[in-house]
Structures are given as C-alpha cells and as structure tokens.
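Taking it in order: structure first as structure tokens, then the write-up.
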Amino acid sequence: MSEHLSANPLALSELFSAPRDDCGATVAFVGTVRNLHQGEAVDGLHYSAHEPSADAALARICDEARARFDIRELRILHRLGALGIGDAAVLLVCQAPHREAAFEAARWALETLKQQVPIFKQEHYVDGASTWLDGQSLVTSSSPDS
Amino acid sequence: MSEHLSANPLALSELFSAPRDDCGATVAFVGTVRNLHQGEAVDGLHYSAHEPSADAALARICDEARARFDIRELRILHRLGALGIGDAAVLLVCQAPHREAAFEAARWALETLKQQVPIFKQEHYVDGASTWLDGQSLVTSSSPDS
Amino acid sequence: MTVTVEAYGKLIEIIPQPLRLDLPPGRVRDVIAALAEQFPGAAEDWPRVAVARGADILPRDAAIEPGDVLALIPPVGGG
Amino acid sequence: MTVTVEAYGKLIEIIPQPLRLDLPPGRVRDVIAALAEQFPGAAEDWPRVAVARGADILPRDAAIEPGDVLALIPPVGGG
C-alpha cells in the first residue's frame, strides 16, 4: 500500500529492528482500539485515508522528529480498514542515545499524527450506531512561501 | 531468580501480554547498552543487585505507578550479569486507557528505578579499564514512622 | 475547465463518486465555493474541508489547473 | 553480639567475604561506624552506604539484632 499505511494487522516486530550501538533507549507505542469512547460501548472502528497525502505526512513527521529531537530512528505504521477491540491502530518505534529524547519524540510524533495526517475514523457502537469522529481541519489560507 | 530480575537475555515478548479491552495505549521501553558513556568507548557492563531488596523495590515501583497514574498494568524486568553492546538492560511495558498516562507512568517508573533499586553497574571500557558507576545513596536517617 | 473531485472521510456520504466539476479557472477557494453551493447540506463543514492534489494539501489560494484530481479532506483524526 | 555483613557493588572490592562483626548491641549507625573504623580506605563512602536486612532498607536508627545478616548497599544505579 504505502510505507506508513497498512491494510493488514500490525505487528510490532515489523518496526523493531536490532538496537543500534549508539542508542541506549528504544521507546515503542501501540495504540489499540478501546471498548469505550466517551462513555459509549465501542464495537469496532474503520480507518480510511487519503493515502498519497497521509503517507507523505507520516514520512514528514518521521523526518521532522529526527531533526527536532536527539534521536536516531523513528518509525510509524498506521492501520487502515476495519478494526475490532484490541486491534492495533498505530505503531511507533523510536531509538535514541538517551531515553528523554526517545520519549519526547514519540509523544510529539503521536500528537502531530493526530493533527496533521489525512486519516479518518468512523466508530461503530455496540448499539448499532456509528459516527465519523471530528478532528483537526487541515485548511490553510495561503502557501507558506506566498 | 526473582520476579523482576533476570540473569538471562531479556525479550520484550516476556512482558507484552494481549492488549486489554479497556486500554487504548501500550508504551514499551527497552534500555540497551550503548557503545559510549561520557565520551569513553564502552566494551560491556556488569549488573549486580542485592536481590531481595531490589526485587521488592521494583514490585513497589509497579504498585505505586498503578496508584499514581491512570494505568492498568505496568511491568518491569531488569537484567543482571554480563551484558555486551546492544544487550537489553531493562524492559518496561505499561498499558493505560489513554497514552498520556502510559507515557508519564513509564518515565516516572524508569526515573524511580534509577533512584531507588539496589542494582549496581560496573562499566568495562574498550581500553581495559573499568568503573563502578556512582549513583543515588539509599541512606535515610530514621524510619518514616519514627 | 473540468476537475475531478474525490471525497474522503464522512464526505463520502454526501458527495457522489466520481464527481466532475465544471468551473471557470480559479483557486481552491473557488472549488470549495462551488461545492458548497452544490451540496448545501454540508454547509457548516465546507470551511473546514481541505483540498489535496497528490501528496500535497493545497492552501485556499492555490491555483487549480484543468484536469486536476482534487481530494476533499475533512478534519483528520488518526491514531 | 555478632552480625554477618555482606558487601554489594563496589564494596566487594574492599570488604572480605564473608565478614562477621562483633559489636555491642546498637543501631545501624553503630554498624557503619564499626565498618568505617575497620575499613578506613572507604572513609568517604560510608555516609552513603545503606544497610538492608532481607528486602528492607534500614534507616540509620534501626536496631540491630544478634545474628542479623546485613547487606551493605552502596549508591545504586540500575537502568
């Protein structure tokens, strides 16, 4: 599909590479589907994406994290399609010389992912209802360089 | 050996259990041996512990993390013995409903581990020298309840 | 000129696919204005719908070319 | 009374094992004082060496019992 998007179940082993000799810290994050969202019993989710811009945005987040933080490696994989409770929606692995930067980069990347990547979440509830979750608008009025 | 101490190589799979339905976030940390410490080329490490108090301190950290943060699960495993570059010294896995608490609990537990657990690190350098690293003294003048 | 418009996220429930739009040469904001007129049911949403061309999210003042394939990107929320 | 003292960390290089100490009834601080006298080479370290009995780190004012097995815990630094 794309480098950072997968229609298949995610396994952390896909992102874990051998530890780098110059890194003392590896932080991994797995975001899974919870059985409850704002008090409603969740049955499952469906993630869709505008893949060209979503994949580019995820690649940009990885690059920018490597520039902003003292880390050596940051990888992100986001699941698309239908997910049940407990299924992994997003995986992230970060390697850094020291743990502070690894944790900070991981949190920054996840926060930025939520704000900037064209991925859309439809939540299905146990009572049969479903909702497209609202999120962050990507509208900008003018080009950065205009 | 003990619940939280292991003389054998650590594998993250020992700590990763199936995601809990009530948790949306799993944070994992792997601390590995770096090839450099304060400018010196490191050849390897040796960790030793006073096992009864070290195991109890690690159990207490896991319990206290569950009380201080909105998390459901926190596990820690620390390696003892001789480690080479890239070998895992400490593993931590934390599950929580939301990612903020999972990250905060993981960082707090690692920081507290360094301060409170009777584990001793001897570093061996490429030039043949070795050093016992200094750390945090556990001396207290009087009992908390005296 | 003619552009093709692809809907994403919740907009797939409002905008029939594929959608061809005929409109005078213009900018992203003109495409959004044309869609808002054609699909007034999503009126409150249009100011928050971004437009992508390929991997790029276009600002409102970006020029549109004949034949462009434009993706409508409602508010995002991955992770 | 007699207590057994076990060394950990860098103290294994200074204190022969096993070590039996004969001393009058007292507290942890008295054990440390006796060790500081017997092993003056580690003088600057003794104020920072904690004492554990079983899983418990003892405060300086804890009473020592005859037959106690005491672990000497220099500054710690796992992780």
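In the text below, chain A, chain B and the rest are named by the order of the sequence lines, each starting its count at 1. What you see below is based on every heavy atom in this structure, not just the backbone, and it leaves out hydrogens, waters and symmetry mates.
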Contact winner vs chain B - Leu110(A), Leu36(A), Val33(A), heavy-atom pairs under 4.5 Å: Leu110(A)
Pro19(A) versus Thr32(B), closest heavy-atom pair with distance: CB-CG2, 4.0 Å
Test side-chain contact (heavy atoms from CB on, under 4.5 Å) applied to Glu100(B) and Arg107(A), step by step: CA-CA 8 Å; Glu100(B) 294 80 3; Arg107(A) 293 189 69 164; 3.7 Å; yes
Rounded distance [0.5 Å steps], CG in Leu12(B) versus CZ in Phe16(A): 5.0 Å
Top contributor to chain A interface from Ala18(B), Gly31(B), Cys23(B) [non-hydrogen pairs under 4.5 Å]: Cys23(B)
Chain B neighbours within residues 85-96 of chain A, where any heavy atom lies under 4.5 Å away: Ile85(A), Gly86(A)
His98(A), part contacting chain B, at a heavy-atom distance under 4.5 Å: side chain
Phe29(A) backbone acceptor or donor facing Thr26(B) side chain under 3.5 Å: no
Working for side-chain contact (heavy atoms from CB on, under 4.5 Å), residues Asp22(A) and Arg34(B): CA-CA 5 Å; Asp22(A) 59 354; Arg34(B) 264 177 91 214; 5.6 Å; no
Leading residue by heavy atom contact count with chain A [cutoff under 4.5 Å; candidates Lys114(B), Arg20(B), His37(B)]: Lys114(B)
